[in-house]
Amino acid sequence: MRYSEMFLPTGREVPSDAEVISHQLMIRAGMIRKLTSGLYSYLPLGYRVIRKLEQIIREEMNKAGAEEVHLPMVQPAELWQESGRWVHYGKELLRFHDRHDHEYCLGPTHEEVITSLVRNDIKTYRQLPRNLYQIQTKFRDEVRPRFGVMRCREFGMKDAYSFDVDEEGAEKSYEKMFAAYNNIFRRCGLKFRPVEADSGSIGGKYSHEFMVMAESGEDAMVFCEKCSYAANLEKAEVACPEKKRIFEDDWLPLEEINTPDSRTIEEVSAFLKVDPQDIVKTLIFNADGKPYAVLIRGDQEVNEIKVRNYLGAAELELATDEMIMKTTGAPRGFAGPVNIKIPVLLDYSVIDMVNFVTGANKEDYHLKNVNIGRDFNIQAFADFRVVSDQDKCPRCGGDMKFARGIEVGHVFKLGTKYSKAMKAVYLDKDGQEKIMIMGCYGIGIGRTVAAGIEQNYDENGIVWPMPLAPYQVIITPVNVNEKDVMAAAENLYLALKASGLEVIFDDRDERAGVKFKDADLIGIPLRIVVGRKNLEQGKVELKIRKTGENKLYPLQEIAQEIKQIVEQELNPDRL
RNA sequence: CGGGGCGUAGCGCAGCCUGGUAGCGCGCUUGCUUUGGGAGCAAGAUGUCGAGUGUUCAAAUCACUCCGCCCCGACCA
């Protein structure tokens with residue numbers, strides 16, 4: 001395409017409201033514009049990248065045996081009431097009424113719609129398994145949209161849903177999708193890693209997130225340096241420690257001490273001159289309205305997701321001051337397990353501790369020399385804490401590393417959560433009615449593009465990997481007023497285009513510097529510079545965006561060279 | 001929803017404290033020069049100063065209300 005005919009508004013200034021690099025560059029490169037909070041328009045250049053990604057996804061999904069459908073974005077309340085999510089999904093679900101006063105929502109995801117579709121038309125095991133996907137706009141009324149298209153309210157997503165006759169089939173469907181996702185992100189040229197993840201409120205026992213590695217990522221993960229274990233930080237397990245023998249002879253008499261105004265671990269630690277490791281933190285949680293005490297070593301953090309999952313609670317949050325006062329008889333900061341009337345959950349980190357410090361359930365008092373068994377009893381002993389960098393791999397005991405990433409894909413085993421609630425059943429060979437086993441698989445489209453930028457940029461702008469690049473080549477005539485230069489550039493443009501390459505011809509009457517800057521900013525992988533001096537030698541210059549490498553080629557050979565590079569870089573096997 | 005910040009030309013910002021006829025840089029338009037890494041000179045155009053109400057002879061500036069946006073937190077298939 002001729003640059004002069006493109007709607008490609010590039011900018012020099014960094015927009016003041018963009019903090020992450022992908023957001024800044026997408027705006028500067030003329031890919032996106034914000035309409036209002038959490039809503040973005042894609043301009044031609046940005047939309048080309050989106051379509052590139054979608055095409056890769058389509059190819060791999062089709063290859064994996066999935067079929068593309070297109071479901072409505074507006075969904076009736078009844079469907080969500082059936083699944084129970086009309087109540088549970090919360091404020092992220094944008095609800096509204098039509099003229100007949102019927103209730104609807106904008107689809108944040110499509111389990112309900114797909115399950116409704118499938119249950120009506122799939123009746124027998126002969127029609128299973130089935131995997132249906134779509135690429136569709138979702139709407140989630142995010143509390144706080146940020147980072148440009150990375151976390152916005154309206155966004156494109158590829159979502160797939162599998163239906164199987166049994167667990168074994170569902171497992172196979174899951175594995176297929178897992179493999180397809182690996183192919184997709186590898187083909188995009190991204191550095192990524194699948195990690196074990198919590199399945200959250202969508203349900204299901206088993207899930208993996210696909211993380212694109214990036215320092216700016218919103219998610220933290222850990223991975224083992226020895227084996228293949230990798231997990232989202234909120235899921236990452238802590239191995240159960242071996243319990244050393246505790247000699248009851250070591251137990252010292254329980255002591256109550258006055259600790260005025262010492263509420264936090266730091267304050268208590270400083271006041272009593274004991275290490276945080278010798279203090280036990282007692283946190284009161286509200287799990288669906290019931291209070292629980294969670295005990296953890298003073299220097300560790302509680303992982304609320306683990307607590308919630310352990311208790312099977314729908315909602316879990318730290319108790320309010322009021323609830324703490326009611327359950328412990330003391331204000332926040334003085335809770336402890338001794339004589340408490342609620343269930344006590346003990347984290348692994350406390351198991352070896354003796355003669356530790358806890359709150360006394362009495363304002364301005366703590367207890368010293370507290371011991372498990374003698375001074376209080378526990379209801380549960382499990383892993384409730386956030387992994388720390390001291391921890392070893394729960395699988396092999398190897399050293400663990402922390403990293404940050406952007407969640408671009410998530411594969412879930414849903415089981416029968418939706419098929420049961422919404423009666424998606426089939427008849428098996430014996431004429432028995434059975435519930436379908438489901439899986440669901442999502443990829444955030446815009447987010448993946450943004451993640452691609454987070455991983456591929458330099459001080460001059462975006463550095464697209466070939467498979468995502470909006471155009472593969474840009475031809476830059478140095479001076480449009482020189483007839484020979486323009487004629488050569490134009491011919492080259494027509495030749496490259498005819499050979500099937502995606503090419504921009506920068507025919508603008510701009511100074512060379514401006515064109516170079518724009519070409520770099522929008523990240524076109526290959527640039528051919530046509531200038532008078534080289535042309536007189538029958539040569540043009542090829543510049544590789546990624547490496548900055550600069551080489552002269554005879555005019556006759558450049559097309560072939562370009563073709564070769566593009567084909568090579570589109571081939572995933574090179575990776 | 002809690003805390004903080006911002007709203008002035010397409011973009012980035014100054015002016016506000018201490019009220020007195022709206023400014024800078026980039027971009028844009030026109031002309032001349034220039035032409036291999038965001039050119040130079042000259043001449044221009046562009047604003048309901050987020051909205052409303054109030055105080056005042058006079059409000060971008062002070063007060064109140066509302067709206068929008070951003071950041072931190074809470075929240076999040």
Side-chain angles (χ1 to χ4, degrees), chain A residues 9-20 23-24 27-28 30 33-39 83 85 88-93 107-112 138-148 150-153 155 157 159-161 197-204 207-209 218-219 232 234 304-305 308 315-318 320 407-414 417-418 438-444 447 459-461 476-482 485-486 506 508-521 527-535 540-541 543 548 550:
Chain A
T10 58
R12 193 192 315 224
E13 314 256 9
V14 176
S16 62
D17 59 356
E19 357 164 50
V20 295
H23 188 193
Q24 295 171 358
I27 288 171
R28 288 190 53 211
R33 288 293 183 263
K34 183 167 75 177
L35 210 214
T36 183
S37 179
L39 303 178
S83 72
R85 289 206 289 185
H88 284 118
Y89 207 92
K91 287 191 193 159
E92 259 186 55
L93 190 63
T109 172
H110 282 73
E111 282 81 12
E112 281 80 2
K138 309 284 188 204
F139 191 94
R140 291 181 193 172
D141 202 355
E142 286 283 345
V143 191
R144 183 143 92 86
R146 55 183 137 177
F147 306 140
M150 204 106 94
R151 186 171 207 75
C152 50
R153 296 194 291 175
F155 58 98
M157 174 180 262
D159 49 324
Y161 305 89
D198 182 66
S199 23
S201 70
I202 201 155
S207 85
H208 283 91
E209 287 169 342
E218 284 191 274
D219 288 284
N232 190 307
E234 55 185 42
E304 294 188 18
I305 290 164
R308 191 186 65 201
E315 280 184 45
L316 180 104
E317 56 187 9
L318 274 172
T320 57
E407 180 194 346
V408 291
H410 203 158
V411 291
F412 292 87
K413 282 174 97 169
L414 287 179
K417 176 167 172 165
Y418 297 91
M438 291 175 60
C440 80
Y441 318 93
I443 292 178
R447 183 182 276 199
E459 67 279 6
N460 292 312
T476 308
V478 166
N479 187 334
V480 296
N481 298 316
E482 301 199 22
V485 167
M486 274 309 269
D506 194 349
R508 295 175 300 165
D509 183 8
E510 285 287 355
R511 300 170 63 83
V514 173
K515 296 191 189 188
F516 292 156
K517 287 287 184 191
D518 276 334
D520 285 350
L521 178 61
R527 184 175 85 204
I528 302 171
V529 182
V530 184
R532 186 172 49 81
K533 274 189 207 151
N534 288 326
L535 196 61
V540 291
E541 178 185 326
K543 180 150 185 170
N550 229 333

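Predicted model, so just to flag it, every value in this text is computed and none were measured. Numbered from 1 within each chain, the chains take letters A, B, ... in sequence-line order.
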Touch class at under 4.0 angstrom, heavy-atom based, for A:Lys138 against every strand present: nothing
side-chain N/O A:Ser16 vs B:C11 OP1/OP2, d < 4.0 Å: no
Spacing of A:Arg28 atom CZ relative to B:C26 atom P, expressed in whole Å: 17 Å
Minimum heavy-atom distance A:Val478-A:Gly531, with the two atoms named: CG2-CA, 4.0 Å
Touch class at under 4.0 angstrom, heavy-atom based, for A:Thr476 against every strand present: nothing
Residues that A:Arg12 engages under salt bridge (charged side-chain N to carboxylate O under 4.0 Å, His left out), provided they are two or more places apart: none
Touch class at under 4.0 angstrom, heavy-atom based, for A:Arg33 against every strand present: nothing
Spacing of A:Lys517 atom NZ relative to B:C26 atom C1', expressed in whole Å: 15 Å
Residue pair A:Pro108 / A:Phe139, side-chain heavy-atom distance below 4.5 Å: no
Residue pair A:Val514 / A:Arg508: nearest heavy atoms and the distance that separates them: O-NH2, 4.5 Å
Donor-acceptor contact below 3.5 Å, side chain A:Ser207 vs main chain A:Ala197: yes
Strand partner of B:C1, provided both Watson-Crick or wobble distances fall under 3.5 Å: B:G73
Heavy-atom check, side chain of A:Thr109 versus side chain of A:Tyr161, under 4.5 Å: yes
Who pairs with B:C49 - Watson-Crick or G-U, where each distance is under 3.5 Å: none
Sub-4.5 Å side-chain heavy-atom contact between A:Phe516 and A:Val529: yes
Pairwise 5' ranking along RNA chain B for A:Asp520 and A:Glu407, keeping only the more 5' one: A:Asp520
Between P of B:C11 and NZ of A:Lys34, the distance in whole Å: 11 Å
Sugar-phosphate, base or nothing in reach of A:Asp518, heavy atoms under 4.0 Å: base
Sugar-phosphate only, base, or nothing, as touched by A:Asn550 at under 4.0 Å among non-hydrogen atoms: nothing
B:G68 pairs with, by Watson-Crick or G-U criteria that keep both distances under 3.5 Å: B:C6
Pair assignment for B:A22, Watson-Crick or G-U wobble, requiring both distances under 3.5 Å: none
Student check: side-chain heavy atoms of A:Leu318 and A:Glu304 closer than 4.5 Å: yes
Spacing of A:Arg447 atom CZ and A:Glu407 atom CD [to the nearest 0.5 Å]: 6.0 Å
Pairwise P distance, B:A14 and B:C24 [rounded to whole Å]: 16 Å
Shortest non-hydrogen contact from A:Cys152 toward A:Gly38: CB-O, 3.2 Å
Pair A:Glu111-A:Arg85, salt bridge (charged side-chain N to carboxylate O under 4.0 Å, His left out): steps then yes or no: CA-CA 10 Å; A:Glu111 282 81 12; A:Arg85 289 206 289 185; 2.8 Å; yes
Pairwise C1' distance for B:G23 and B:U65, with rounding to whole Å: 30 Å
Side-chain donor/acceptor contact of A:Lys543 with base of B:G36 under 3.5 Å: no
Base-pairing mate for B:U55 - Watson-Crick or G-U, with both contacts under 3.5 Å: none
Rounded interatomic separation in angstrom, taking CZ from A:Arg153 and C1' from B:G68: 12 Å
Rounded C1' spacing from B:G12 to B:C28 in Å: 16 Å
Nucleotide opposite B:G27 in a Watson-Crick or G-U pair, distances under 3.5 Å: none
Are there any protein N/O atoms within less than 3.5 Å of an N/O atom in nucleotides 71-75 of chain B, and if so, which ones and at what distance?
residue: B:C71; atom: OP1; partner: A:Glu19; partner atom: OE2; Å: 3.2
residue: B:C71; atom: OP2; partner: A:Arg144; partner atom: NH1; Å: 3.4
residue: B:C72; atom: OP2; partner: A:Arg144; partner atom: NH1; Å: 2.9
residue: B:C72; atom: OP2; partner: A:Arg144; partner atom: NH2; Å: 2.4

Enumerate all atom pairs, one protein N or O and one N or O from nucleotides 7-10 of chain B, separated by less than 3.5 Å.
none

Minimum side-chain heavy-atom gap A:Glu218-A:Arg146 below 4.5 Å: yes
Euclidean distance for P, B:C26 against B:C41 (whole angstrom): 9 Å
Touch class at under 4.0 angstrom, heavy-atom based, for A:Arg527 against every strand present: base
Heavy-atom protein contacts under 4.0 Å, nucleotides 40-51 of chain B, coded B base, S sugar-phosphate only, - none: ------------
Cationic N near anionic O, under 4.0 Å, A:Arg153 to A:Asp141: yes
Phosphate OP1/OP2 of B:G68 contacted by A:Ser37 side-chain N/O (<4.0 Å): no
Residue pair A:Thr10 / A:Asp518, side-chain donor-acceptor N/O under 3.5 Å: yes
Set of residues satisfying salt bridge (charged side-chain N to carboxylate O under 4.0 Å, His left out) with respect to A:Asp219, sequence neighbours excluded: none
Restricting to nitrogen or oxygen on both sides, can you table the protein-nucleotides 31-35 of chain B pairs closer than 3.5 Å?
residue: B:U34; atom: O2; partner: A:Arg511; partner atom: NH1; Å: 2.8
residue: B:U35; atom: O2'; partner: A:Asn479; partner atom: ND2; Å: 3.3
residue: B:U35; atom: O4; partner: A:Asn481; partner atom: ND2; Å: 3.3

Whole-Å distance separating the CZ atom of A:Arg508 from the P atom of B:G27: 13 Å
Euclidean distance for P, B:U18 against B:A74 (whole angstrom): 38 Å
Strand partner of B:G38, provided both Watson-Crick or wobble distances fall under 3.5 Å: none
Sugar-phosphate only, base, or nothing, as touched by A:Pro9 at under 4.0 Å among non-hydrogen atoms: nothing
Taking every non-hydrogen atom, the tightest pair across A:Glu19 and A:His23: N-ND1, 4.3 Å
Sugar-phosphate, base or nothing in reach of A:Lys533, heavy atoms under 4.0 Å: nothing
Residues A:Glu510, A:Lys515: salt bridge by 4.0 Å N-O rule: no
Toward the 5' end of RNA chain B, by each residue's nearest nucleotide, A:Phe155 or A:Val529: A:Val529
